[in-house]
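Below: the structure, in structure tokens.
Below, read A as the first sequence line, B as the second, and so on, with proteins coming before strands; counting in each chain starts at 1. Below, each value reflects all heavy atoms present in this structure, side chains not excepted, and no hydrogens, waters or symmetry copies.
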There are 2 protein chains.
Amino acid sequence: MELSERKKKILKAVVESYIETAEPVGSKAIAEQAGLGVSSATIRNELADLTSMGYLEQPHTSAGRIPSPQGYRIYVNELMHHHALSMHETREINNALNNKVKQLDVLLSEAGAVLSDLTSYPAYAMAAPAGAATIKRFDFIFVDAHTVIAVAMLDNNSVKNKLMSFPNGIEEQFVQKLSTVFNANFTNITEKELTPELIASAERVTGDLTGAVAAAASFALNLLTEAGPSRPSVSGASHILDHPEFKDVDKAQKLLSYLSDNGELMQMPTENSGSEIRILIGPENVADELKDSSVVMASYDLGNNMKGMIGVVGPTRMDYAKVAAHLSYVVRGLRQLADGGKLPLMPPDLLPAPKEGKDEN
Amino acid sequence: MELSERKKKILKAVVESYIETAEPVGSKAIAEQAGLGVSSATIRNELADLTSMGYLEQPHTSAGRIPSPQGYRIYVNELMHHHALSMHETREINNALNNKVKQLDVLLSEAGAVLSDLTSYPAYAMAAPAGAATIKRFDFIFVDAHTVIAVAMLDNNSVKNKLMSFPNGIEEQFVQKLSTVFNANFTNITEKELTPELIASAERVTGDLTGAVAAAASFALNLLTEAGPSRPSVSGASHILDHPEFKDVDKAQKLLSYLSDNGELMQMPTENSGSEIRILIGPENVADELKDSSVVMASYDLGNNMKGMIGVVGPTRMDYAKVAAHLSYVVRGLRQLADGGKLPLMPPDLLPAPKEGKDEN
DNA sequence: TTTTAGCACTCTACAACCCCGAGTGCTAAA
DNA sequence: TTTAGCACTCGGGGTTGTAGAGTGCTAAAA
């Protein structure tokens, strides 16, 4: 059943007032504030309707109404206005993303940090390879008779290195051999294909006595293993204590430890990682710990076989419009960075209004 | 004035009971529990003495006693027993440190994580160069006409790399020239000495048109800058909510945000970074946010021009004995790792009892 | 048919109050 | 020096009462 125009206005008023004050909203307040020229009694009738339709809830008989998850859903999908970012906000974000040439994980965690600062909700960010990682190139740099630097370039163009020590000495020639053998046999293979047999055979071929092959292989194996989803970085977790719904320490405790421990289980972007922002409201979340919370998230493609996601967690009473706007802007920045490889010199003003999430259910 | 043997026993009993229960301790409880064969009235007299000496406090007239910071101090310095780690605990720690070949920051943050898990207090860890960092070696790896990997080895033996892209192309010969010039002119200099003039002169010498010199120099500059104190990693922050002193959300909020934001200001090990564990109780902390909390920390030398610190933060009512034991064991592990460069194959049992902190005031 | 005013009703938050129990300090006797 | 006894203090928990916000229902008005 379609909502009447007036019902929509009333629902919107309830949601926005509740988002702002965290107090149940009464008929009188709406009558006064949301300038539709009817009395509170009329509003009451409408509220009763909206409640029986499942869009509003009553904490107890003589309290005002608060939005149900479905109510938020309608709000997010149809009623929400677009939040315009202030100059200050865009500047903050640009600074965070611009400042330096950073490594991916640092960049993501700074993106999370600024998001968290601006929205005052905890933010998390992570990156993961779209498929299994492989190494596409090895280099071994002979430093001195006891030291070699191993450098590996992954298929996603990230580069890793490791200092290897050889107390018993190693020869420069042998390091070259190492390089040849590793580039021949250990490139373009996945973690699973890097078998002990392969390593043993490499040791045979090179006639290795120093343990260098084993060390290098373990380095490679580590890279392939750890190239899996990076552990998400969580920023501003303490922000959840800002919000009255977490005045109960137990609730806060649960969410906080979920964020810091299991945050890894945070759903990675679903396959259809559309470019849009997704909003999961309360029970729409799969994780039990999030059933009372909402998540606003976006995923993005980093081009070189890497996907990432970044999002914000808060109570269902969340300022969706604001958060979506911020997130959208941050994600745009990240994409720009990924595309151009250049600094994201976004114009701080005059950017197209952000779009919000797709329907969920 | 020296405390009588009996007063010491009573003080110890008060501290330990309070640490365990978080409830003010009454004379009767002590009389029953701490088997010195005197009545509660006698204990009361002693408690009154200890209170007037400043070692105990009374929340209000008709409540039991709780230890004052000075009381904890005495306890920590003289009265505390050594906590023996269980097999399980040592195993946890060994696992955390052993598992893989890790980068320093990851290692430290895992050390913090296990410490936090075991003690159920937040832990933080950081590393910092003892002096200004310099780069001791550059390598530039020519990947293809548009891609070069820059590798730099710092004087603390850490190795960093960066992928540099050249949309307009770059020649292999030029990369070699780059290597020569950088190794000649950019090694063993500090951040301050890496001046724009130096860069300009390098550009002149190489006749650079690709921007490679600028890119490489900015890479180097970044390393030297960021080699400063790493931002500390904080683990298990949500653990503070486990403890009743933080049932007040505001307090928790303050400490939490101090930990995640300003944690950087955490005092680095004082110059005399003795090998011992230091315990700072309540007001002994310089940071205002920590005046109600205690810090148990240790610093360690990583050999190659790197110093680090790792510690635990909790309420003054902290299980100092346990925390000190855990921390001590973790630090021993880190030192072993640093010394040998090998995996820390510590015997999980039969380790010498940990020593606790030096006096503070 | 829809809107409004009026009214009785419900429920919470808050303050006032009381009482219990734990613990103290003091005194006088052992 | 220790102990028993006792009067006193104070916080916590439970109860009660009240004010206020908000509701649903009904009957009249538009």
Rounded to whole Å, the OH-P distance (B:Y18 to C:dG23) equals 14 Å
Kindly determine whether A:K7 and A:E46 satisfy salt bridge (charged side-chain N to carboxylate O under 4.0 Å, His left out), including the steps that lead there. CA-CA 7 Å; A:K7 282 200 174 59; A:E46 297 284 51; 3.0 Å; yes
Result of checking B:V114, B:L85, B:L115 against B:E92 for side-chain contact (heavy atoms from CB on, under 4.5 Å): B:V114
C:dG23 C1' sits how many Å from B:L47 CG, rounded? 11 Å
Any donor-acceptor N/O pair, A:E16 side chain to A:A13 backbone, under 3.5 Å: no
Whole-Å distance, B:L50 CG to C:dG23 C1', equals 17 Å
Kindly say whether B:Q253 contributes a backbone atom to a donor-acceptor pair with the side chain of B:S257 at under 3.5 angstrom? yes
Spacing between B:K28 atom NZ and C:dG21 atom P, to the nearest angstrom: 12 Å
A:I30 CD1 - D:dG22 P separation (whole Å): 10 Å
Give a yes/no answer on whether the side chain of B:R6 brings an N or O atom under 4.0 Å of OP1 or OP2 in D:dT2. yes
Might you point out which heavy atoms bring B:H239 and B:S120 nearest each other, and give the distance in Å? CB-O, 3.5 Å
Would you write out the dot-bracket form of DNA chain C, 5' to 3', with Watson-Crick and G-U pairs under 3.5 Å, [ ] for crossing pairs, | for pairs to other strands and . for unpaired bases? ||||||||||||||||||||||||||||||
If you compare all heavy atoms of B:A252 against all heavy atoms of B:I240, which two are closest, and at what distance to 0.1 Å? O-CD1, 3.7 Å
Closest contact, heavy atoms only, B:S293 versus B:L255: OG-CD2, 3.8 Å
Atom-pair distance (CD on B:Q58; P on C:dT24), nearest Å: 7 Å
Between P of D:dG22 and CD of A:E57, the distance in whole Å: 18 Å
Taking the six-membered ring for Trp, are A:Y72 and A:Y320 ring centroids under 6.0 Å apart? yes
Between the protein and nucleotides 3-13 of chain D, list every N/O to N/O distance that falls short of 3.5 Å.
| from | atom 1 | to | atom 2 | distance (Å) |
| --- | --- | --- | --- | --- |
| D:dT3 | OP2 | B:S39 | N | 3.0 |
| D:dT3 | OP2 | B:T42 | OG1 | 2.4 |
| D:dG5 | O6 | B:R44 | NH2 | 3.4 |
| D:dT9 | O3' | B:T61 | OG1 | 3.4 |
| D:dT9 | O2 | B:S62 | OG | 3.3 |
| D:dC10 | O4' | B:S62 | OG | 3.4 |
| D:dC10 | O2 | B:S62 | OG | 3.1 |

Let me see the working for A:K8 and A:E78 under salt bridge (charged side-chain N to carboxylate O under 4.0 Å, His left out), right down to the final yes or no. CA-CA 9 Å; A:K8 284 186 182 175; A:E78 306 180 25; 3.7 Å; yes
Distance check needed: C:dT2 P versus A:D49 CG, whole Å only. 11 Å
